[in-house]
Undergrad: 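Sharing a structure with you now.
Residue numbers begin at 1 in each chain, while the letters A, B, ... track the order of the sequences. Hydrogens, waters and symmetry mates are skipped; everything else that's a heavy atom, side chains included, is used.
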2 protein chains.
Amino acid sequence: MVQCHQTQFDASFGALSDATRRGVLEHLGREDASITTLAERFHMTLTGMKKHVGVLVQAGFVTTEKVGRVRTCRLGVRGLEEEAEWIERYRRLWTERFDELDQVVEELKQKERANGRK
Amino acid sequence: MVQCHQTQFDASFGALSDATRRGVLEHLGREDASITTLAERFHMTLTGMKKHVGVLVQAGFVTTEKVGRVRTCRLGVRGLEEEAEWIERYRRLWTERFDELDQVVEELKQKERANGRK
DNA sequence: ATGACACTGAACCATATGGTTCAGTGTATA
DNA sequence: TATACACTGAACCATATGGTTCAGTGTCAT
């Protein structure tokens, strides 16, 4: 369950680690867009935006289709389910870890009270 | 609500985009560890592992404390709450988007049935 | 006090990333 | 048919990333 998705997570978290790409996802969440539209929206050359879109496609977040001379980008079917799962798993890890810590702190307090009474 | 966390997300998703670092988080979720332990565990030089830990510290996922000659790494207090939130928000976006799509498909089917009856 | 141990920092290396320009190709439109 | 438009690909650039080696510094154990 751990080794099977490594390279996929590398790609998807990598794709999410750039503000422009997160912005593109947000835009595509509202409406489909051509490369030109996205390039203008994010103050970037066509070529630059095409690279970002390429990364998002590679990660499976976006699909594109070219009709005539314009390539339209839209959200891919893959979504963020697996990333959400991964993150959730680690959130649980964190919580457990700090519940343990709380216990330790609680024990320390008890000891202190005991010492205070001495 | 969008621009305020950009660089933080850059750092945190960037930190998660590497298999070794995800592995380190998993390890620290089970137990604290020294740099040496982690380096051995992931077949890497001390220096290399120290860099990875640095990235995780920078992202706020890990804290370290040096006592004597060993630096112990543990999960930081920050956790993954905000990343979980972000991802959740986009999961909703996706869902809405594909619900719309489903509607369109549904309408197409209806039209087709109508044409079939012609 | 000596040696081993755990880390640290600088320097280096190859490759990846985020961007650009420039020179195309193919498509729509006047 | 000529022109403008949307994209594509190659080449380039600066910086970041993921790793290494090597030469320390400080700490523990004999």
Undergrad: Which is more 5' along DNA chain C, the nucleotide nearest Thr72(B) or the one nearest Gly14(A)? Just name the residue.
TA: Thr72(B)

Undergrad: Expressed in angstrom and rounded to an integer, what is the separation of Ile35(B) atom CD1 from dC5(C) atom P?
TA: 18 Å

Undergrad: OP1 or OP2 of dA4(C) sitting under 4.0 Å from any side-chain N/O of Arg69(B)?
TA: no

Undergrad: Is there a donor-acceptor pair under 3.5 Å between the side chain of Ser12(A) and the backbone N or O of Gln8(A)?
TA: yes

Undergrad: Between Arg22(B) and Leu16(B), is there a donor-acceptor pair closer than 3.5 Å when you use the side chain of the first and the backbone of the second?
TA: yes

Undergrad: Mind calculating the distance between CZ (Arg21(B)) and P (dG19(D)) to the nearest angstrom?
TA: 8 Å

Undergrad: Any donor and acceptor pair, going by atom type alone, linking the side chain of Arg91(B) with main-chain N or O of Leu80(A) inside 3.5 Å?
TA: no

Undergrad: Ring-plane angle category for Phe42(B) and His27(B), please: parallel below 30°, perpendicular beyond 60°, tilted otherwise.
TA: perpendicular

Undergrad: To the nearest angstrom, how far is Lys66(A) atom NZ from dC5(D) atom C1'?
TA: 11 Å

Undergrad: Strictly distance-based, threshold 3.5 Å: is any side-chain N or O of Arg74(B) a donor or acceptor partner for the main-chain N or O of Asp32(B)?
TA: no

Undergrad: In residues 37-63 of chain B, what residues come within less than 4.0 Å of DNA chain C, judged by heavy atoms?
TA: Leu46(B), Thr47(B), Lys50(B)

Undergrad: Under 3.5 Å, is there a donor-acceptor pair between the Thr72(B) and Glu65(B) side chains?
TA: no

Undergrad: Would you mind reading off the distance between Asp18(B) atom CG and dT15(C) atom P, rounded to a whole angstrom?
TA: 18 Å

